[in-house]
2 protein chains.
Amino acid sequence: MHKEKIERCDCNILHHELVDRVRGRMPGKDEVRAIADLFKVFGDPTRVRIISALFHSEMCVCDIASLLDMTKSSISHQLRILKQARLVRYRRDGKVVFYSLDDEHIKSIFDQAKSHISE
Amino acid sequence: MHKEKIERCDCNILHHELVDRVRGRMPGKDEVRAIADLFKVFGDPTRVRIISALFHSEMCVCDIASLLDMTKSSISHQLRILKQARLVRYRRDGKVVFYSLDDEHIKSIFDQAKSHISE
DNA sequence: TGTACAGTTGAACAACTATTCAACTGTACT
DNA sequence: AGTACAGTTGAATAGTTGTTCAACTGTACA
């Protein structure tokens, strides 16, 4: 019979050994935040559409804005977020900046997500 | 030489044929929203930790609250969101409700995400 | 040098979201 | 019936986030 240390949870621990065992296998604070931050990037319709477009071809900001019927500004803001998450790369050609996907994992993550949705 | 229909985008279309071709391959409005909504569920540290815990074993609300050092209430709110996304199932055993993962795609989605992060 | 235009950026606003709090439900046990 | 406790729920609050607007940068071209 062991008294638990003070828990923020306002209840008795029902399965103490299980909790301790799982606790040892939990990802660290930084990894959890990194995972959540990555999915947060995927969790916006505009960014999903940008990524879906870039699956087919590199495109400039103007192309994407036209395709999605949105302003260049909002597209540029979203591309910055995708850039920070290292999901897109860009190359400059004169006045035009072309964006393309920079990660081979995105396609399979999206495919798995589509599988879940259509089950 | 074709005049474009009015675009919300405040620019000339630079690559019109490309945009038209990609437009035909874009996912529909409902699919885009479904994809974004699913990733939005994954885009929160608390839910990432709940899912990470359930990878190892089914657990009751009290166990999860204790493991994450949070209140039963906040865990219950998050489990409702996971339930609505059809990512967890639950079974009642007396007073206790056990939750477990209800999707075989989650593991591979998370694995791909971890691969991206640690590249 | 001056104009045109693709793209970027910061601030502001509106919409959304996670946690807290309090009240509540449902089951077990006496 | 009454108590105890696991879990749920709705409202409120604080923090976050996407779009807009206006001003700006950088490159091409005359």
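Note that the structure is a prediction, hence the values are computed from the model and not measured. A, B, ... follow the sequence lines: proteins, then strands. Residue 1 opens every chain.
- One finds a side-chain N or O of T71(A) lying less than 4.0 angstrom from the OP1 or OP2 phosphate oxygen of dT20(D).
- Of the possible donor and acceptor atoms, one in the side chain of H116(B) sits under 3.5 Å from a partner among the backbone N and O of A85(A).
- The side chain of V97(B) approaches dG7(D) more closely than any other nucleotide in the set dG7(D), dT9(C), dA18(C).
- Looking at which nucleotide of DNA chain D each of V61(B) and D37(A) is closest to, the 5′-most match is held by V61(B).
- Whole-Å rounding puts the D69(A) CG to dT20(D) P distance at 10 Å.
- The base of dT20(D) sits with one of its N or O atoms less than 3.5 Å from a complementary donor or acceptor on the side chain of H77(A).
- Contacts of Y99(B) with the nucleic acid, taken as non-hydrogen atoms under 4.0 Å apart, involve only primed sugar atoms and P, OP1 or OP2.
- Of the side-chain N and O atoms in T46(B), one or more sit less than 4.0 angstrom from OP1 or OP2 of dT19(C).
- For K72(A), the listed nucleotide lying nearest its side chain is dA6(C); candidates were dA6(C), dG10(D), dC21(D).
- Under 4.0 angstrom from either OP1 or OP2 of dT8(D) there lies at least one side-chain N or O belonging to S76(B).
- As rounded to whole Å, 13 Å separates atom C1' of dT17(D) from atom CD of Q84(A).
- Residue M59(B) comes nearest to I64(B) through the heavy atom pair CB-CG1, 3.8 Å, listed as atom of the first residue, atom of the second, then distance.
- Between I64(B) atom CD1 and dT19(C) atom C1' the separation is 17 Å, expressed in whole Å.
- Residue H15(B) contributes atom NE2, which lies 11 Å from atom C1' of dA6(C) at whole-angstrom precision.
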CA sep, side-chain torsions, deciding dist, call: R49(A), M70(A), side chain to side chain contact (heavy atoms under 4.5 Å, CB included): CA-CA 12 Å; R49(A) 295 207 291 161; M70(A) 297 177 69; 4.0 Å; yes

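- When rounded to the nearest whole Å, the span between CD1 of I75(A) and P of dG7(C) equals 11 Å.
- Each ring-ring contact (aromatic ring centres under 6.0 Å, His included) pair with one or both residues in residues 53-82 of chain B, not counting sequence neighbours, appears once here: F55(B)-F110(B).
- In this structure, S66(A) contributes its side chain and C62(A) its backbone to no donor-acceptor pair below 3.5 Å.
- Following rounding to the nearest Å, Q78(B) (CD) and dT8(D) (P) show an atom-to-atom distance of 13 Å.
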Worked verdict on T46(A) versus Q78(A) for side-chain hydrogen bond (donor to acceptor under 3.5 Å, both in side chains): CA-CA 8 Å; T46(A) 299; Q78(A) 299 302 346; 5.3 Å; no

Base-contact (B) and sugar-phosphate-only (S) positions in nucleotides 25-30 of chain D, heavy-atom cut-off under 4.0 Å, - elsewhere: -BBS--

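- Proximity of D103(A) to E119(B): side-chain heavy atoms (C-beta onward) are separated by under 4.5 Å at one or more points.
- Counting to the nearest Å, the C1' atom of dA18(C) and the CZ atom of R47(B) are 8 Å from each other.
- The distance between atom CG of D44(B) and atom C1' of dA18(C), rounded to the nearest whole Å, is 7 Å.
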